Amino acid sequence: MERILITGALGQLGTELVIELQNIYGVNHVIVSDIHQPLHNHFDGVFLTLDVLDKPGLKEVISKYRVTQIYHLAAILSANAEKTPDLAWRINMDGLINILELSREVGIKKVYWPSSIAVFGPDAPKDQTPQHTIMNPNTIYGISKVAGENLCSYYIERYGMDVRSLRYPGLIGHRGLPGGGTTDYAVEIYHEALRNGKFTCPLDKHARLPMMFMPDAVRATLELMEAERSALTVRTSYNLAGISFTPEEITKSIQKSIPYFQTDYQPDFRQKIAASWPNSIDDSAARNDWKWKVAYDLDGMTKEMISHLKVKKQAINVC
Ligand code: NAD
Ligand code: SER
């Protein structure tokens, strides 16, 4: 019987992944943890306050709950990482090495750790960025992700561990709010469209970035984790492609449902980060190895985002 530990589970991705993992493994087989306490009691089952820098604390939890798999999501994302690079490095790197070391020591069966399109820097090809290409990121977040990918690959090669990873594009969902990334605008824009009918975008109107709707990201994660180990050829992290669009294109997509919606543009430091990342991603390795296929396009995602956020807004108004 599997017992799954999730770190950083209160974040944008964890909020969604917990639900699916609980559906698969059962509520009491998923140990939900984060450095913060949940604001509302929105998780059934076990919740623990756990700092990934606290190695003895992690060890105690892994042993007490006889954990068999770890989804290590705790991290500081790109925009916030630029504000506190030393802290971001410690959480992103020391947190990962704590998880890998403890997993090696106790024989954890599988570890999942997310990487990002941020591994690519300004010299990588912008369009259809290949799986294997030059990676010289110029953000502390991207540097920590490249180092993390190599660390995972090292533990696989050296110790025979089963560590799996995806280079997510910007993730867009309606359940959780994003936690300080450069792609956060693509979530905030939907909230502001419904709240105010206008949005001030921190990126340039033509800043094209790879993005993905959360149900696709969660499905990709679970499909990778369920894939036959022998089918996996990428030891660092798989490129994963969803949708690529600009702020101007997402605005037009929203205007199909909310015609009066307007975006104005005030690019800040995040534009420089966005400009160093790919426009689109070649994920043929994922498609070949474990049959990855994206489901949502931009308008399909917009329809779902608006309809879910409308329901949420109505519920808040009733309260
Ligand atoms: P998030 O910022 O929303 O959540 C991260 C969580 O980690 C937060 O709940 C935070 O409280 C927790 N955390 C921070 N420091 C911690 C510590 N010391 N110990 C324990 N928990 C700690 O991020 P997310 O969007 O959920 O991202 C999850 C993972 O996916 C990260 O590795 C991130 O780099 C990766 N990723 C996310 C995106 C995206 O667009 N959201 C894209 C690419 C990769
Ligand atoms: N969406 C993430 C960020 O903007 C990319 O990893 O930081």
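In each ligand, atom 1 is the first atom listed, and ligand 1 is the first ligand listed. Every heavy atom of this structure was used, including side-chain atoms; hydrogens, water molecules and symmetry mates were not. Note that the structure is predicted; figures quoted are calculated from it, not measured.
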*Asks:* Could you tell me which residues satisfy ring-ring contact (aromatic ring centres under 6.0 Å, His included) with Tyr185, sequence neighbours excluded, listed by chain and number?
*Replies:*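 Not a single residue meets the ring-ring contact (aromatic ring centres under 6.0 Å, His included) criterion with Tyr185.
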
*Asks:* Which side-chain N or O atoms in residues 300-309 pair as donor and acceptor under 3.5 Å with protein atoms at least two apart or in another chain?
*Replies:*
unit_1, atom_1, unit_2, atom_2, d
Thr302, OG1, Tyr190, OH, 2.8
Thr302, OG1, Ser253, OG, 2.7
Thr302, OG1, Leu298, O, 3.0

*Asks:* Quick one: which of Leu58, Leu100, Asn98, Val52 gives a side chain to side chain contact (heavy atoms under 4.5 Å, CB included) with His72?
*Replies:*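 The passing option is Val52.
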
*Asks:* Taking Glu60 first and then Lys64, would you say they form a salt bridge - that is, a charged N and a carboxylate O separated by under 4.0 Å?
*Replies:*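 A salt bridge is absent here (no side-chain N lies under 4.0 Å from a carboxylate O).
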
*Asks:* Say you draw a straight line from OG1 of Thr7 to OH of Tyr112; how long is it, rounded to the nearest 0.5 Å?
*Replies:*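 Answer rounded to 0.5 Å: 12.0 Å.
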
*Asks:* Can a donor-acceptor pair be found between the side chains of Ser244 and Ser280 at a distance below 3.5 Å?
*Replies:*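 No, no side-chain donor-acceptor contact under 3.5 Å.
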
*Asks:* Protein residues near ligand 1, heavy-atom distance below 4.0 Å?
*Replies:*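 Under the 4.0 Å cut-off, ligand 1 touches Gly8, Leu10, Gly11, Gln12, Leu13, Asp34, Ile35, His36, Leu50, Asp51, Val52, Leu73, Ala74, Ala75, Leu77, Ile91, Pro114, Ser115, Ser116, Tyr141, Lys145, Tyr168, Pro169, Gly170, Leu171, Gly179, Thr183.
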
*Asks:* Check each N or O atom of ligand 2 against all protein N or O atoms and list the pairs under 3.5 Å, with atom names and distances to 0.1 Å, one per line.
*Replies:*
unit_1, atom_1, unit_2, atom_2, d
ligand 2, 1 (N), Thr183, OG1, 2.6
ligand 2, 4 (O), Ser78, OG, 3.2
ligand 2, 4 (O), Thr182, N, 2.6
ligand 2, 4 (O), Thr183, N, 3.1
ligand 2, 4 (O), Thr183, OG1, 3.4
ligand 2, 6 (O), Ser116, OG, 2.6
ligand 2, 6 (O), Tyr141, OH, 2.7
ligand 2, 7 (O), Ser78, N, 3.1
ligand 2, 7 (O), Ser78, OG, 2.6

*Asks:* Assess whether atom NZ of Lys126 is packed by more than 12 heavy atoms of other residues, nucleotides or ligands within 6.0 Å.
*Replies:*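 Atom NZ in Lys126 is crowded, with more than 12 foreign heavy atoms closer than 6.0 Å.
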
*Asks:* If you look at every heavy atom in Ser33 and Leu5, which pair is closest and at what distance?
*Replies:*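 Taking Ser33 first and Leu5 second, the nearest heavy atoms are OG-CD1, 4.0 Å.
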
*Asks:* Identify whether the distance between the nearest side-chain nitrogen and carboxylate oxygen of Lys110 and Glu2 falls below 4.0 Å.
*Replies:*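 Looking at Lys110 and Glu2, the cut-off is not met.
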
